[in-house]
Amino acid sequence: MTSTTRLPSQSADFPAWYGEVVRQAGLAESSAVRGAMVIKPYGYAIWEAIQRELDARIKATGHENFYFPLFVPASVLSREGRLIEGFAPEVAVVTEAGGKTLSEPLVVRPTSEALIWSTYARWIQSYRDLPLLYNQWGNAVRWEMRPRILLRTSEFLWQEGHTAHATREDAAAYARQIHFDVYLAFLRDVLGLHVFVGAKTAMERFAGAINTMTCEAMMRDGKALQMATSHELGQNFARAFDIEYTDAEGERQLCWTTSWGSSTRMVGGLIMAHGDDAGLRVPPAIAPIQTVVVAVKDDDETLAAVERAEGALRDAGVRVRVDRDASTGLGRRLTEWDLKGVPVRVEIGPRDLKEGVVTVVRRDSGEKAAVPVDGVAAAVAEALEAAQRGLAEESRARTEAHTRDVATVEEAIEVAADGFARLPWSACGPDGERRLNEHAVSIRCLQTADGGVPGDPEAGDLVAIAGRAY
RNA sequence: CGGGGAGUGGCGCAGUCUGGUAGCGCACCCGGCUGGGGGCCGGGCGGUCGCAGGUUCAAAUCCUGUCUCCCCGACCA
């Protein structure tokens, strides 16, 4: 049961707005465990939809899924110096189990890297075993200082992919394929988010990676959120975990590996980027409920019409839900569907039926249309498509409107107040990056002049995308 | 660890400066009217004011101590 009635539009700052929507739409709540969360049924339905869509795309690139243990022996995690260094401050450690103090502490995985690489070392013998392509859906724990529900919780759900290859070129090509064909395509085509793809600077790179590619999206308040990353790990992890193979000439070689991941943070990003003052706006492509048919009254004629509309929509393959609970006030019911971000609503009541129509309303634009009773399925299909396009277009337009070209670090700091700055990397460099950081601005990624991912993150003539980040 | 703030019915808060019978909104229960965007009217249930001690005729309010939580910064998928 919710208790407050404070509406999102009444809160001044955006994060508060965000928390209200998360709570009122029934997505998640804080857990009894510090910094963790309970994902409520509707929030989980969105995550399931994301999983389904993303998993299909991952598998299409030739991967299968597997599952590794939650606990990692501390000695295994520390085999790659940078890995343990990168995560040491935020790992949770189990020192006691079965009523005894453990002879070796177990780390609750902040990532499965270490365990998976040490296993790959046994699985890989020959060049015939390569490439090795697996993905895992699971959870991870990072004891962050400042948790934010769905954006940075101490436990989060994610997928992490790990691949091993014979050559650097093959590994690089795979990382790119995942980054573009899986992450970029998913974020753009399914979530309707305009994202910047690029490489992380040395400072922002994943510990142990030689190249980290990222998808950065701009939230409604102009701040950045990293939506997914793909790493080329070079031979660093192969060396630390002895991942070797014998090539066709009989020579022992070190593998080249990649890893990549995305998490429940995407649900948070979806809200922060598409949400408005009335709640969520979920793109039809992943909306657990695409259309809700609302019975304005519960007289027999209305209920019969609602039933027919539901049938027609179901037959058309629409994920439809019916709301015929007239004992609850209409305004209250409509508000609830708005908060959940159901993309299209069909209202049916005596007033409509007298005219032989039903009312089709789009959540993204608020557009209302009276359509003939027999035309519901077609009208809804059209509205769903328009809503998907509309949200994507809004995201693109807003992002572009808040992205400006600048020439100096000082200008970048100013522009980052409410958006992104495109700054020549040559005018910034690691020193400029540090100056940006002092003003809570970071370089989200480095791009080529035409907005692509640089083949070499150390190349000249790159453009830095700078902004404040969550 | 540094800097701020808050603990009062289930939830959100006012009251504290200036001590005097603990209040409001939401939720909940009952009755009625309503019903095309969180509806209206009336009636109810519910709180040892974080904890401990002190001052006082009298403490949510003043004093001392203590506990807890939140926000900002350093961390970050």
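FYI, side chains are in, hydrogens and waters are out, and symmetry mates aren't considered; it's all heavy atoms of this structure. First the proteins, then the strands, lettered A, B, ... as listed; each starts at 1.
Rounded to whole angstrom, the span from the OH atom of A:Tyr470 across to the C1' atom of B:A77 amounts to 16 Å. Here the P atom of nucleotide B:G36 and the CD atom of A:Glu347 are 11 Å apart, to the nearest Å. Across the protein-nucleic acid pair, A:Glu155 atom CD and B:A77 atom C1' stand 14 Å apart, rounded to whole Å. Whole-Å rounding puts the A:Asn437 CG to B:G73 P distance at 14 Å. Atoms CZ (A:Phe156) and C1' (B:C75) sit 14 Å apart, rounded to a whole Å. Here the C1' atom of nucleotide B:A77 and the CZ atom of A:Arg148 are 15 Å apart, to the nearest Å. Atom-to-atom, CD of A:Glu355 to P of B:G36 comes out at 17 Å; the value is rounded to the nearest Å. Whole-Å rounding puts the A:Met219 CE to B:A77 C1' distance at 13 Å.
Toward the 5' end of RNA chain B, the nearer of the two residues A:Asp338 and A:Met227, judged by each one's closest nucleotide, is A:Asp338. Comparing A:Glu336 and A:Lys297 along RNA chain B, the residue whose closest nucleotide (by nearest heavy atom) sits nearer the 5' end is A:Lys297.
Rounded to the nearest Å, the gap between the C1' atom of B:G15 and that of B:G9 is 15 Å. B:C1 and B:C17 have their C1' atoms separated by 33 Å, given to the nearest Å. The C1' atoms of B:C71 and B:G53 are separated by 31 Å, rounded to the nearest whole Å. With both ends at atom C1', the span from B:C41 to B:C57 equals 45 Å, rounded to whole Å. Of the P atoms belonging to B:C13 and B:A6, the separation is 12 Å, rounded to the nearest Å. Nucleotides B:U16 and B:C63 are separated by 14 Å at their P atoms, to the nearest Å. Between the C1' atoms of B:C45 and B:A60, the separation comes to 23 Å (whole Å). With P as the reference atom, B:U34 and B:C72 are 50 Å apart, rounded to whole Å.
Classification of A:Arg345 and A:Asp338 as a salt-bridged pair holds, one side-chain N sitting under 4.0 Å from a carboxylate O.
Here A:Arg332 does not reach the OP1 or OP2 of B:U34: none of its side-chain N or O atoms lies under 4.0 Å away.
The number of heavy-atom neighbours closer than 6.0 Å to CD of A:Glu414, taken from other residues, nucleotides and ligands shown, is 12 or below.
Residue contacts for A:Ala326: at a heavy-atom cut-off of 4.0 Å it reaches a base atom on one of the strands shown. When heavy atoms are screened at a 4.0 angstrom cut-off, A:Thr302 is found touching no nucleic acid atom at all. A:Glu144 comes within 4.0 angstrom of a base, heavy atoms only. Across all strands shown, A:Ser230 has no heavy atoms under 4.0 Å from either base or sugar-phosphate atoms. Within the 4.0 angstrom heavy-atom criterion, base atoms lie near A:Gly349. A:Leu330 comes within 4.0 angstrom of the backbone, heavy atoms only, and of no base. Residue A:Leu225 is classed as having no contact, given no heavy-atom separation below 4.0 Å to the nucleic acid. Using a 4.0 Å heavy-atom cutoff across all strands shown, A:Pro147 reaches no nucleic acid atom at all. Residue contacts for A:Thr229: at a heavy-atom cut-off of 4.0 Å it reaches no nucleic acid atom on any strand shown.
Note that OG of A:Ser112 is 6.5 Å distant from CH2 of A:Trp158, once rounded to the nearest 0.5 Å.
When distances are taken from the side chain of A:Val296 to each of B:G36, B:A77, B:G38, the shortest belongs to B:G36. The side chain of A:Asp352 lies closest to B:G36, out of B:A77, B:G38, B:G36.
A distance-only check finds no donor-acceptor pair linking the side chain of A:Arg422 to the backbone of A:Ala466 [under 3.5 Å].
Of the N and O atoms on the side chains of A:Ser442 and A:Arg444, at least one donor lies less than 3.5 Å from an acceptor on the other residue.
The aromatic rings of A:Phe241 and A:Phe237 lie parallel to each other, with less than 30° between the two planes, well short of the 60° mark. Ring planes of A:His63 and A:Tyr174: perpendicular class, angle over 60° (limits at 30 and 60°).
Applying the side chain to side chain donor-acceptor pair (under 3.5 Å) test to A:Thr302 and every residue at least two apart in sequence or in another chain returns A:Asp299. By the side chain to side chain donor-acceptor pair (under 3.5 Å) test, A:Thr111 pairs with A:Glu160, sequence neighbours left out.
Counting atom types as modelled, A:Arg345 pairs a side-chain N or O with a base atom of B:G37 as donor and acceptor under 3.5 Å.
Aromatic stacking of A:Trp158 on B:A77: not satisfied for centres closer than 5.5 Å together with planes under 30 degrees.
Here A:Tyr44 and A:Tyr42 keep their ring centres 6.0 angstrom or further from each other.
Taking a pair as Watson-Crick or G-U with both hydrogen-bonding distances under 3.5 Å, the stems of three or more pairs touching RNA chain B are B:1-7 with B:67-73, B:10-13 with B:23-26, B:28-33 with B:39-44, B:50-54 with B:62-66.
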